[in-house]
Amino acid sequence: MFGVKDFMGKPAPPNYVAGLGRGATGFTTRSDIGPARESGLEADPAQTAGKEEGDDDDERFQDPDNEVGLFSTAPYEEDDEEADRVWDMIDAKMDERRKARREAREREELARYRMERPKISQQFADLKRQLATIDESEWAAIPEVGDLVGKNRRKNKMPERFTPMPDTMIASAREKSQYETSLDATEQKIGGILSSAVKGIDADDGMMTNFREIGQARDKVLGLKLDQVSDSVSGSTTIDPKGYLTDLNSVVVKSDAEIGDIKKARLLLNSVITTNPKHAPGWIAAARLEEVAGRAVHARNIIAKGCEQCPKNEDVWLEAARLNNVDNAKIILGDAVRHLPQSVKIWLKAVSLETENKAKKKVLRRALEFIPNSVKLWRAAVNLEENPEDAKVLLSRAVELVPLSVDLWLALARLETYENAQKVLNKARVAIPTSHEIWIAAARLQEEHGKSDMVDRVITFAAKALAQSGVLLEREQWISEAEKCEKNGSVLTCQAIIRATIGMGVEEEDRQSTWMEDAERCVAHNSIQTARAIYAHALKVFPGKPSIWQQAAYLEKSHGTPESLEELLQRSVKYCPQAEVLWLMGAKEKWMTGDVESARAILEEAFRANPNSEQIWLAAVKVESESEEYDRARKLLELARKESGTERVWMKSVMLERQMKDYDQCNNLLNEALAKFPTFDKLWMIKGQLEDTQGNMPKARETYNQAVKNCPKSVILWILLALLEERLGMITKARASLEKARFLNPKNPNLWVHAIRIEKRNNNVNVAKSLAAKALQECPTSGLIWTEAIYMEARPQRKARSVDALKKCEHDPIIVTTVARLFWTDRKIEKARNWFQKAIQIDPDQGDSYAWWYKFELQHGTKEQQDAVIRRCVISEPRHGECWQSVSKDISNIVGTC
């Protein structure tokens with residue numbers, strides 16, 4: 001026998017739930033926690049009020065370490081007791097005065113609170129009363145509450161069991177999946193009912209079902225729905241009944257967040273228009289909110305109320321007209337002009353609603369009766385007139401009523417004849433003496449009628465008259481007016497304005513720089529005639545400044561004609577005969593057009609003005625050599641060596657003999673020139689290259705060794721020496737030469753690049769990478785070195801390497817061209833083309849960028865794109881670039897080589 005368990009009859013432990021270990025779910029009754037309430041509701045207002053008024057022990061004023069009070073440790077004396085008694089009497093007295101009102105208010109709030117938030121017991125009171133009528137059978141029919149959680153847990157934890165099915169169940173399942181070819185009695189009855197329904201006859205009572213009436217009823221209901229959304233103002237619907245159902249497909253379904261925002265905004269705007277119904281922007285905002293929410297009818301109703309509340313606000317009326325259709329908008333604007341007859345906006349809106357010119361004119365004339373001094377209304381009325389005579393009549397009346405409108409005076413002057421226009425402008429000047437537009441219009445009038453001598457007089461007199469009237473326009477404003485005249489085709493007026501006003505407010509010592517800046521700004525604005533006028537005035541003031549003549553010549557070369565450029569250059573050399581650049585520009589222009597004799601004549605005059613000028617000598621030699629007049633070029637060089645005798649003259653003499661393949665004379669000139677100019681590195685380069693091409697490589701190496709001793713700062717000589725030693729198989733010597741060159745010329749990227757290439761050509765990739773890393777430390781912004789570093793990486797890593805390069809040298813044309821080549825390799829054609837264009841924009845003098853771009857277009861571009869690259873290259877005339885210089889300076893590529 002087992003004894004009685006010791007826990008029987010004892011109280012359960014705290015939070016104990018019977019059956020929790022086997023999956024049962026505990027529950028809590030009302031007897032455990034008291035009457036149930038809705039979650040998240042506010043506290044009972046009676047309790048809240050009682051706590052607010054009667055609770056003196058507010059936790060905010062309690063000392064956490066002392067439950068009695070903050071000053072409980074202080075001695076309690078007789079005066080303290082007396083004070084407490086007095087305060088208690090005051091509190092009791094005040095409580096009696098407010099007690100009746102407070103209790104009534106509390107009862108009212110409690111009743112309202114109980115009505116809005118009844119208890120659960122009150123909500124189910126009727127059901128509880130009905131429980132008294134339930135008998136035993138209904139009680140027994142109530143299902144037991146199952147333990148679904150426990151079952152699910154056991155189902156998930158316990159393994160599934162499979163019981164074999166008997167053959168009879170398998171046979172019945174097979175029969176259910178087969179088709180029956182016969183109908184039983186029940187199925188026959190159902191079939192008869194269905195067939196009767198199809199025919200429109202009820203099988204039970206034999207009544208006829210009229211489907212046509214059902215369809216008509218449906219259409220009637222749909223029509224009622226459409227009538228409900230009809231316009232409330234005139235009764236005409238704004239919904240297309242035929243396209244109503246298809247328009248539903250275009251309705252945008254708003255999300256919950258958008259709906260919530262609309263509701264909040266609607267509440268706020270409703271509060272605005274309720275508290276301040278005379279606030280027009282509130283009505284407009286409320287209407288637009290309903291429009292955004294897709295409630296057009298509500299929007300119209302709201303703005304209609306706004307018009308009633310704010311009849312003196314034109315914006316409300318305009319908004320109401322916008323929200324309605326055209327017919328209703330006309331009615332609304334008709335009401336608006338009765339309240340606001342002086343509103344120009346309302347009248348113009350009414351005009352815009354009309355479709356016929358006759359109706360528009362009628363509205364405008366009615367508007368001008370109320371607002372005869374409105375420039376906008378007069379301008380709109382004039383624009384509607386198709387007959388110039390009628391427009392002239394209107395403008396005549398307009399300038400009488402609005403004499404201070406410049407636009408109306410100018411419009412009237414444009415419609416009048418020459419004599420009448422002069423009279424109109426004279427009257428306008430009397431009416432508005434501070435308007436410079438009227439003076440400019442008078443000057444343009446003189447220019448249009450061939451009175452060119454009057455243009456300058458009008459503008460000059462205008463500047464004086466405006467100054468006397470107190471109108472002080474700044475020089476920049478006059479220049480902008482000149483640009484406007486140029487764009488309107490009044491070139492003489494533009495030039496007259498520049499001549500009369502360009503010197504305003506400019507100090508004498510700042511005139512040249514200020515005027516050059518003004519001219520450059522005008523060229524940037526594409527105001528060529530204005531810039532030409534500024535240069536002309538500057539040359540009149542400073543005729544002996546070659547820089548001004550040169551800038552003016554560049555302007556004529558870019559935007560003028562060959563005749564205007566020639567005339568300007570001829571005048572320039574008269575004032576500045578010592579300016580070699582101006583002589584050379586004139587000779588080059590003649591030579592470019594094929595007029596060699598004129599180019600020779602200009603250079604002969606230049607010789608007489610500048611007998612020892614190196615540039616003029618060399619320009620004359622170039623003209624003769626390009627014209628294949630080599631004997632004359634030799635004679636000129638011989639004279640130049642005697643007269644001028646500069647190192648460049650000697651170099652050109654050597655190059656001419658080398659071009660003519662007279663190597664003996666070339667060597668003689670080289671030896672003589674090097675004796676005079678031993679530190680001129682280009683002579684050493686020519687000598688070394690000449691010996692190299694003749695096959696005498698050891699002698700060329702000796703020449704280069706001697707050259708670097710005389711010119712240790714010449715990087716090109718060191719590179720030529722290293723390359724020659726590499727070709728001779730002296731790799732160690734080449735490395736040593738470049739290392740010595742880097743010591744004498746630190747932070748030079750060209751020396752590092754050739755050192756890296758030598759290692760790459762000799763399959764020392766790791767050494768080349770090490771050199772590239774050192775080079776980037778010394779020259780972190782060199783595009784040449786970054787290009788070598790990028791192409792030494794594997795193809796997947798080149799993109800990341802190029803990003804690092806762009807961070808260091810973003811505006812280097814070499815690295816930008818390299819990135820374009822990477823895009824080209826990845827077959828990203830458009831990106832590659834864009835990057836090639838970017839490289840050209842950064843530095844148009846970099847010839848390698850043009851070469852790579854042209855090669856790219858030959859492979860992926862069209863004929864037009866290839867020609868575009870060539871045109872840009874010809875215009876830019878690039879002179880730099882590693883590959884570009886090696887090709888352009890090759891003796892075999894010189895035009896006219898024998």
Side-chain angles (χ1 to χ4, degrees), residues 221-355 363 366-367 370-371:
V221 171
L222 183 59
L224 291 174
K225 294 289 185 182
L226 294 174
D227 294 337
Q228 291 177 359
V229 296
S230 62
D231 192 359
S232 61
V233 178
S234 63
S236 60
T237 181
T238 58
I239 304 295
D240 182 11
K242 296 181 180 179
Y244 177 73
L245 296 177
T246 56
D247 287 343
L248 294 178
N249 296 327
S250 62
V251 175
V252 179
V253 179
K254 295 182 172 59
S255 63
D256 294 339
E258 292 175 337
I259 293 173
D261 294 339
I262 290 174
K263 289 182 178 178
K264 292 179 182 178
R266 187 178 289 126
L267 289 174
L268 291 172
L269 293 174
N270 188 24
S271 175
V272 171
I273 61 179
T274 303
T275 56
N276 188 7
K278 300 300 181 181
H279 186 61
W283 292 101
I284 296 172
R288 290 183 180 177
L289 177 65
E290 299 298 337
E291 182 186 12
V292 171
R295 304 172 64 185
V297 176
H298 290 276
R300 297 191 194 101
N301 293 335
I302 289 173
I303 202 65
K305 294 179 182 177
C307 293
E308 295 175 1
Q309 295 291 336
C310 308
K312 296 299 182 181
N313 188 282
E314 61 182 9
D315 294 332
V316 177
W317 292 104
L318 293 174
E319 186 69 15
R322 187 185 68 83
L323 291 174
N324 284 270
N325 55 22
V326 176
D327 296 333
N328 294 334
K330 291 179 181 179
I331 298 172
I332 291 170
L333 293 177
D335 295 336
V337 295
R338 281 193 288 271
H339 290 89
L340 294 168
Q342 302 295 323
S343 176
V344 178
K345 291 183 180 180
I346 293 176
W347 284 108
L348 291 177
K349 181 64 176 178
V351 171
S352 65
L353 293 179
E354 300 293 342
T355 56
V363 174
R366 182 64 175 168
F370 290 96
I371 320 172

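Start at 1 with the first residue, then count along the sequence.
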Reported [atom1]-to-[atom2] distance for the pair [X] and [Y], which is rounded to 0.5 angstrom:
X      : Y      : atom1 : atom2 : answer
Arg322 : Arg300 : CZ    : CZ    : 11.0 Å
Asn328 : Leu353 : CG    : CG    : 11.0 Å
Trp283 : Asn276 : CH2   : CG    : 10.0 Å

Exercise. Are any of the side-chain heavy atoms of Arg366 and Phe370 separated by less than 4.5 Å?
Worked result: yes
For this session: Indicate yes or no: at least one non-hydrogen side-chain atom of Leu348 is less than 4.5 angstrom from one of Lys345.
Result: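 Heavy-atom side-chain distance check fails, nothing below 4.5 Å.
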Problem set entry | NZ/Lys330: more than 12 non-hydrogen atoms of other groups inside 6.0 Å | yes
Exercise. Is the number of heavy atoms from other residues, nucleotides or ligands within 6.0 Å of NZ (Lys278) greater than 12?
Worked result: yes
What are the two closest non-hydrogen atoms of [X] and [Y], and how far apart are they?
X      : Y      : answer
Ile284 : Val316 : CD1-N, 4.0 Å
Ala286 : Ile302 : CB-CG2, 3.9 Å
Cys310 : Pro277 : SG-O, 3.6 Å
Leu323 : Ala287 : CD1-CB, 3.9 Å
Ala299 : Glu291 : CB-N, 3.9 Å
Val363 : Ala350 : CG1-CB, 4.2 Å

Exercise. What side chain to side chain donor-acceptor pair (under 3.5 Å) pairs are there with at least one residue in residues 308-318, not counting sequence neighbours?
Worked result: Glu314-Ser343
Show the atom names and distances, to 0.1 Å, of all donor-acceptor pairs under 3.5 Å that link a side chain in residues 268-275 to residues at least two apart or in another chain.
from   : atom 1 : to     : atom 2 : distance (Å)
Asn270 : OD1    : Thr274 : OG1    : 3.3
Thr274 : OG1    : Asn270 : O      : 2.5
Thr275 : OG1    : Ser271 : O      : 2.7
Thr275 : OG1    : Val272 : O      : 3.2

For this session: Determine, stepwise, if the pair Arg266 / Glu290 fulfils salt bridge (charged side-chain N to carboxylate O under 4.0 Å, His left out).
Result: CA-CA 8 Å; Arg266 187 178 289 126; Glu290 299 298 337; 2.8 Å; yes
